Amino acid sequence: MGTLIKNGKVVNATGTVAADVLIEGSTIKEVRAGINEAGHTVVDAAGMYVIPGGIDVHTHLDMPFGGTMSADDYKTGTQAAAAGGTTSVLDFAIQSRGTTMKETLKTWQAKAKDKACVDYGLHMAITDLNPAKGPSDDASLDEMDEMVREGITSFKLFTAYPDSLMVDDRLMFKVMQRAAKLNSLVMVHAENGSAIDVVVEQTLAEGKTAPHYHALSRSTKAEAEATHRAAALGDMAGATVYIVHVSNEDSLREVRRAQELGWRTLAETCTQYLVLCIEEQMPGKSWDEAKYVFTPPLREKKNQQPLWKGLQDHSLAVLSTDHCPFRMSDQKILGKDRFTKIPNGGPGIENRMQVLFHHGVNAGKLTLERFVDVTATAPAKIFGMYPKKGVIAVGSDADIVLWDPNAEFTILAATQTMATDYSMFEGWKVRGVPVKVYSRGDLVAENVKYVGTVGRGKFLKRKTLPEDVMKGHTLEGVAVTA
Ligand code: URP
Ligand code: ZN
Ligand code: ZN
């Protein structure tokens, strides 16, 4: 006795077939045409795509940042994820300087406990190798081994935010060396934080304080320089490096160059960089532009097409959100008098699948299969969750979305689940709706509203890097599969 999804088209990254899907308990029991209905609850998916639940590998829930906390906690954030068709999130546990990784992990597990509504995993963001002022870095590096044993198989480093999160090259290199030994991933927020800080100081000294100057003071070259540095140090250390939130063509060029050289460099971009731009959202006219103050900032429109190309040619492997929401009314307002005080981040966890489907698949920029790949399959493979997650296959978790490609939807802050008082895509009309969303066999969302219970999400203990992680997720992958 299970749930039988009938008459739909099953879309995996590898292809699309007309098939029924039988869910029994929390997993997929059968995928084939003509499964007998007897004894099952039948769900008619005629006219719909049956796709793997989305995986968002870059979120910041309940995160202290910019003098406040990100507005979505694990409850609202994961409910918003489910509403939009995302059934797993990987969030960042961020070490504050002076604390250990173990303490950090405890803090983040407490945030998620009894709140997470879909499955969640954690990356460990390292900011301090010697929090106890002990005799060497090695005790801290040994904590990385412990994290991997706990299923935290990816580490994050920031080369930006000098006052809080930025690390130097020495720390970066040591972490990369240890990660290489542990066969785990090093994620890098790549921007040259020191150079940017100089420009920011000069910008403020000229009396330029509006939100628009946030974008103007963080150049694409500062991002490209740090992207190259992270990729090169990764190669020196023998590590696999994943560049987060690639926002522009200059940085993407460095990713491509690294891949062409055979360096183990992977990368993601985020929804906002594909469809929003400085000319349209941040022309420098109003305070309202604080909605789009995130880092890296919005770029010139000319960068959008190269990023789409990156998703097409696999030099960009993943589409994430960098969901880091702040309300305009009482959080972004902290920076009304100077852009440096605006909490950096934007809300997007709920909109990723719909915006990418509409502007990617409907616009002919991405195939259906590539849409599934960048939103679910590649994240599952790169981050050690495949084939439990990221695929519609026998034995996989029943994380399934019934996607109606013809239904229309208008994105509005007033009806969204995310806890912000605005949407980055306010009033946008999109075609493509996650009509039913299942997480481990439970129906958790219907018609873009969460309908599941609270706290049902489980911690994802992830595996280390698969041997073939570069194949299919880089330019090399395209050459191999072409
Ligand atoms: O503006 C952003 N992206 N805030 C969150 C922290 C980060 O850099 O990812
Ligand atoms: Zn970042
Ligand atoms: Zn981020």
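Ligands are counted one by one from 1 in listed order, and the atoms in each one are counted from 1 as well. Sequence positions, counted from 1, serve as the residue numbers for this chain. What you see is a predicted model, and the numbers here were worked out from it, not measured in a lab.
Of all the heavy atoms of Asn344, the ones lying under 4.0 Å from any atom of ligand 1 are found in both the backbone and the side chain.
Close approach to Phe294 involves these atoms of ligand 1, each under 4.0 Å from a residue heavy atom: 1 (O). Less than 4.0 angstrom separates some heavy atom of His58 from each of these atoms of ligand 1: 9 (O). Per-residue contacts place His245 under 4.0 angstrom from the following atoms of ligand 1 (heavy atoms of the residue considered): 8 (O), 9 (O).
Atom OG of Ser315 is separated from atom CG of Leu475 by 5.0 Å, given to the nearest 0.5 angstrom.
Salt bridge absent: Glu289 and Lys285 never bring a charged side-chain N and a carboxylate O closer than 4.0 Å. Between Asp142 and Arg178, at least one side-chain nitrogen of the basic residue sits less than 4.0 Å from a carboxylate oxygen of the acidic one, meeting the salt-bridge criterion. Under the 4.0 Å criterion applied to side-chain N and carboxylate O atoms, Glu146 and Lys102 are assigned as salt-bridge partners.
Other residues, nucleotides and ligands contribute more than 12 heavy atoms inside 6.0 Å of the NZ atom of Lys449.
For Phe339 and Trp287, the ring centers are positioned 6.0 Å apart or more. In this structure, His359 has its ring center under 6.0 Å from that of Trp428. In this structure, the ring of Phe409 has its center no less than 6.0 angstrom from the ring center of His358.
Within the protein, the N, O or S atoms sitting under 2.8 Å from the Zn ion (ligand 3) are His58 NE2, His60 NE2, Asp322 OD1.
Of the candidates Lys115, Gln109, Lys458, Lys111, Gln109 is the only one forming a side chain to side chain donor-acceptor pair (under 3.5 Å) with Tyr120. Residue His323 is tested with Asp72, Thr59, Asp56 for a side chain to side chain donor-acceptor pair (under 3.5 Å); the sole match is Asp72.
The shortest N/O to N/O separation between Lys156 and ligand 1 does not fall below 3.5 Å.
Ranking protein heavy atoms by distance to atom 8 (O) of ligand 1, first place goes to Tyr161 OH, 2.6 Å. Among all non-hydrogen protein atoms, the one lying nearest atom 1 (O) of ligand 1 is Thr295 N, 2.8 Å. The protein heavy-atom contact nearest to atom 3 (N) of ligand 1 is Asp322 OD2, 2.6 Å.
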